[in-house]
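These figures come from a predicted structure and were not determined experimentally. Side chains included, hydrogens not; waters and symmetry mates left out as well; all remaining heavy atoms used. Note on naming: letters A, B, ... go to the chains in the order of the sequence lines (proteins, then strands), and numbering restarts at 1 for each one.
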Number of protein chains: 2
Amino acid sequence: MRARPTLEKVAARAGVSRATASRVINGSTRVAPQIREAVNRAVDELGYVPNQAARSLVTQRADSIALVFPEPSTRVFSDDPTFGGIIRGVSMEFEEADKQLVLMLAGTEGSYRRVERYATNGHVDGVIVASMHGSDPLPAILARRGVPVVCSGRPTMAGELPYVDMDNVGGAERAVRHLLERGRRRIAAIAGPQDMVAGIDRLTGYRNVLRDSDRRSIVAVGDFTRESGTAAMRHLLADDPELDAVFAANDLMALGALRALRDAGRSVPGDVAVVGFDDIPAASYAEPPLTTVRQPTEEMGRWLARMVLGLEERGPVVLPTELVVRESTRAA
Amino acid sequence: MRARPTLEKVAARAGVSRATASRVINGSTRVAPQIREAVNRAVDELGYVPNQAARSLVTQRADSIALVFPEPSTRVFSDDPTFGGIIRGVSMEFEEADKQLVLMLAGTEGSYRRVERYATNGHVDGVIVASMHGSDPLPAILARRGVPVVCSGRPTMAGELPYVDMDNVGGAERAVRHLLERGRRRIAAIAGPQDMVAGIDRLTGYRNVLRDSDRRSIVAVGDFTRESGTAAMRHLLADDPELDAVFAANDLMALGALRALRDAGRSVPGDVAVVGFDDIPAASYAEPPLTTVRQPTEEMGRWLARMVLGLEERGPVVLPTELVVRESTRAA
DNA sequence: AATCTTCCAGAGAGCGCTCTCACAGCTTCG
DNA sequence: CGAAGCTGTGAGAGCGCTCTCTGGAAGATT
């Protein structure tokens with residue numbers, strides 16, 4: 001690799017001073033057109049690209065932002081399109097803003113402190129924490145240290161932490177209301193873990209609608225895995241054999257429920273209607289294809305990016321979710 | 001945020017020169033124990049962390065490495081655990097080596113050049129290109145420019161490019177042999193795109209085994225999507241209604257095939273056995289659960305990382321795949 | 001005892017860039 | 001016609017760090 005040209009070389013070739021070359025490159029308006037032209041030509045000819053390290057050293061900016069995933073949830077990476085969507089959205093915005101995305105997987109004790117050190121020492125201009133557990137202490141710590149932080153998902157111990165979240169409550173309400181509209185009467189729920197905001201909120205949505213309709217709520221709690229969905233469904237069938245619909249707090253559990261129902265000889269949607277949440281790819285492949293609530297993950301990534309970049313008000317943002325109706329809730 | 005302490009401060013507090021403080025921090029052995037002690041104490045007391053920009057400026061190293069995903073394949077992110085696994089493996093190794101992972105999604109014309117510029121200008125110490133298309137020109141360009149590059153998946157226009165790949169041929173052979181062992185006689189294949197190395201190699205594996213067994217190969221080509229799997233399966237059934245097994249080049253297409261078979265009234269595995277490739281989560285949820293070939297994605301990530309860091313011989317590495325037997329290939 | 005090594009610490013240069021400040025050339029106005 | 005105001009350019013000081021080079025003290029060798 002031939003030596004990279006420096007600003008000095010560019011200036012020399014353009015016949016100007018380093019300062020002026022710098023001005024042109026950083027888009028200052030106070031430069032005479034022909035000089036600007038000359039510098040730009042020199043840049044092109046030499047294939048000059050600024051040395052980020054040197055620039056950072058003086059500007060005190062890193063021009064890069066960390067996106068932190070807690071390792072446990074990263075396990076789900078493969079099953080859950082949320083992360084992929086967020087990454088895509090974030091990248092798009094960063095590309096426009098010319099920032100780099102530094103991906104960090106935290107979770108173990110060591111890596112956790114590593115993220116903290118890394119972030120609190122000017123290596124990045126901000127941090128996006130994509131934590132599923134609202135109780136993750138990392139965001140608060142970083143915020144206290146003065147690092148711009150944005151959370152994906154409402155943090156439970158939110159002081160003033162800015163966050164972007166999906167409308168989990170609204171999505172759940174919409175889903176359950178849909179079941180009522182389709183004539184279902186005894187609607188059970190398979191809730192998610194109650195230490196995760198998504199788990200709590202989706203159950204809240206379910207309860208809200210049933211309370212309004214004067215119906216009894218029947219709840220089993222799972223842990224967002226398929227297996228837990230199967231187990232929860234079995235419990236629900238044992239508790240209330242008459243149920244004719246289930247709202248699962250995520251698709252994976254809904255898929256598990258589908259299996260339990262099949263094993264129990266119940267037809268879907270004939271005997272029991274099923275709704276999930278997330279709209280993972282497998283939902284549309286399921287037998288029958290699953291009605292579910294779609295989340296605007298890419299949009300979420302874009303918001304996260306713009307907020308951490310300061311392009312957007314730092315208040316909480318809640319993005320709307322959308323009901324996707326498929327076979328599993330066809331009218332009985 | 002209070003001002004970060006500099007090396008100068010640390011040195012002053014420890015009562016030594018900047019140079020000596022630097023030596024201690026960078027682990028030079030040639031420092032007297034009590035001085036080393038004093039410096040370390042000062043570092044702790046001040047919470048000092050080296051400024052990476054300043055360090056990079058002089059060392060010409062960035063201590064970070066880019067992981068480039070081509071945008072088109074990123075779409076698959078959600079469906080394909082490969083990327084998640086690779087990311088996890090890479091992160092683990094980088095954490096140990098104290099390198100940062102800069103994630104870049106390329107694919108559009110603009111972002112493509114952006115990656116090139118970014119990488120060829122010392123912002124990163126190396127690049128891992130996770131391209132699905134073996135014909136991606138990026139790795140070769142970077143290599144020519146002197147940037148350490150490692151490809152995930154064998155590049156077709158491989159000059160001397162180091163790469164890490166899965167044993168696609170071997171995995172496919174194993175899968176098809178498994179079908180023969182289970183007594184299947186007319187084994188069709190749903191191939192992947194023939195401009196992708198994975199698509200080509202898996203078909204090769206299939207052909208190898210059938211050639212050896214003197215059986216006729218029956219092939220339909222899909223594009224790795226579920227829908228194409230369904231369509232391909234329909235064609236195969238029309239062409240050869242007698243077939244009793246199908247090898248699909250990935251799980252998504254196998255899932256699609258399952259649907260076509262169900263629609264055609266064929267039972268699986270009663271009438272037709274089905275094997276997939278990848279072992280995506282949905283494979284085990286399928287009805288019936290899918291026999292498939294598992295890939296060591298995390299291991300792949302680790303190899304990629306170690307190779308780009310120069311901790312490993314830069315030759316090609318091919319990782320073994322593993323057959324996972326489930327319901328879909330039970331003996332007829 | 002004198003010289004040669006060896007070892008450790010400090011001085012200082014400089015990585016490539018931005019940004020403040022000073023200044024030269026020009027217009028504008030009293 | 002000279003003072004004042006602009007505008008555009010250059011000079012130069014660092015940003016925080018590493019690393020070479022030098023020197024002095026201590027130990028080894030003759």
Side-chain angles (χ1 to χ4, degrees), chain A residues 1-40 42-43 46-64 98 117-118 120-125, chain B residues 1-40 42-43 46-64 98 117-118 120-125:
Chain A
M1 181 161 50
R2 66 172 182 284
R4 303 166 47 188
T6 69
L7 186 56
E8 192 80 50
K9 304 266 187 215
V10 173
R13 186 176 191 106
V16 298
S17 72
R18 214 170 54 244
T20 300
S22 175
R23 270 188 277 263
V24 172
I25 283 154
N26 292 292
S28 161
T29 47
R30 316 185 145 289
V31 177
Q34 73 268 29
I35 289 200
R36 174 191 312 279
E37 191 60 27
V39 172
N40 283 329
V43 166
L46 289 141
Y48 171 78
V49 174
N51 178 318
Q52 188 55 48
R55 185 179 268 176
S56 290
L57 186 56
V58 42
T59 59
Q60 306 282 25
R61 284 180 295 102
D63 282 328
S64 62
D98 210 30
R117 303 212 103 189
Y118 187 74
T120 53
N121 280 280
H123 296 172
V124 292
D125 303 324
Chain B
M1 181 161 47
R2 67 172 181 284
R4 303 167 48 188
T6 68
L7 186 58
E8 191 80 51
K9 304 265 188 214
V10 173
R13 186 176 192 108
V16 298
S17 72
R18 212 170 57 245
T20 300
S22 174
R23 270 189 278 262
V24 171
I25 283 155
N26 292 292
S28 162
T29 47
R30 316 185 145 287
V31 178
Q34 73 267 29
I35 291 199
R36 174 194 310 281
E37 191 60 27
V39 172
N40 282 329
V43 165
L46 288 127
Y48 171 78
V49 175
N51 179 318
Q52 187 57 48
R55 185 178 269 176
S56 291
L57 184 56
V58 44
T59 58
Q60 306 281 27
R61 284 180 294 104
D63 282 329
S64 62
D98 210 30
R117 303 211 104 188
Y118 187 75
T120 53
N121 279 281
H123 295 171
V124 292
D125 303 324

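Counting heavy atoms from C-beta on, the side chains of A:Arg55 and A:Ile25 come closer than 4.5 Å. Between A:Tyr118 and B:Val49, every side-chain heavy-atom pair lies at or beyond the 4.5 Å cut-off. Side-chain contact between A:Asp98 and A:Asp63 is absent, with no heavy-atom pair separated by less than 4.5 Å. Side chains of B:Arg23 and B:Val16 form no contact here, defined as non-hydrogen atoms less than 4.5 Å apart.
Taking atom CD of A:Glu8 as the reference point, atom P of D:dG12 lies 13 Å away to the nearest angstrom. Atom NZ in A:Lys9 sits roughly 11 Å away from atom P in C:dC17 (whole-Å rounding). As a whole-Å value, the separation of B:Arg55 CZ from D:dC15 P is 19 Å. Here D:dG16 presents its C1' atom at 5 Å from CG of A:Leu57, a figure rounded to the nearest Å. As rounded to whole Å, 12 Å separates atom P of C:dC19 from atom CG of A:Leu7. Atom CG of B:Asn51 is separated from atom P of C:dC15 by 18 Å (rounded to the nearest Å). B:Asp63 has its CG atom 14 Å from the P atom of D:dC17, to the nearest Å.
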Worked verdict on B:Leu7 versus B:Ser22 for side-chain contact (heavy atoms from CB on, under 4.5 Å): CA-CA 7 Å; B:Leu7 186 58; B:Ser22 174; 3.8 Å; yes
Test side-chain contact (heavy atoms from CB on, under 4.5 Å) applied to B:Val39 and B:Arg13, step by step: CA-CA 8 Å; B:Val39 172; B:Arg13 186 176 192 108; over 6 Å; no
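Two end axes, each from the C1' atoms of five base pairs, can be drawn for the helix from C:dA1-D:dT30 to C:dG30-D:dC1; they diverge by 50°, to 10 degrees.
Taking each heavy atom of A:Ala62 and A:Ser56 in turn, the nearest pair found is CA-OG, 3.8 Å. Between A:Thr6 and A:Tyr48, the shortest heavy-atom distance links the atoms C-CE1, 3.5 Å.
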Write out a two-atom table: protein N or O, nucleotide N or O from nucleotides 25-27 of chain C, distance below 3.5 Å.
none

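Remark: B:Arg18 pairs with B:Glu8 by the side chain to side chain donor-acceptor pair (under 3.5 Å) rule, at least two apart or across chains. Listed by chain and residue number, nothing satisfies the side chain to side chain donor-acceptor pair (under 3.5 Å) test with A:Glu37 (two or more places apart in sequence, or in another chain). Scored by the side chain to side chain donor-acceptor pair (under 3.5 Å) test, B:Thr59 finds no partners at all (sequence neighbours excluded).
Regarding contacts with the backbone of D:dT18, a side-chain N or O of B:Asn26 is found under 4.0 angstrom from either OP1 or OP2.
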Per-nucleotide protein contact string for nucleotides 6-11 of chain C (B base, S sugar-phosphate only, - none; heavy atom under 4.0 Å): --SBBB
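For A:Ser22, the side-chain atoms get nearest to C:dT18 when compared with the rest of C:dT18, C:dG16, D:dC17.
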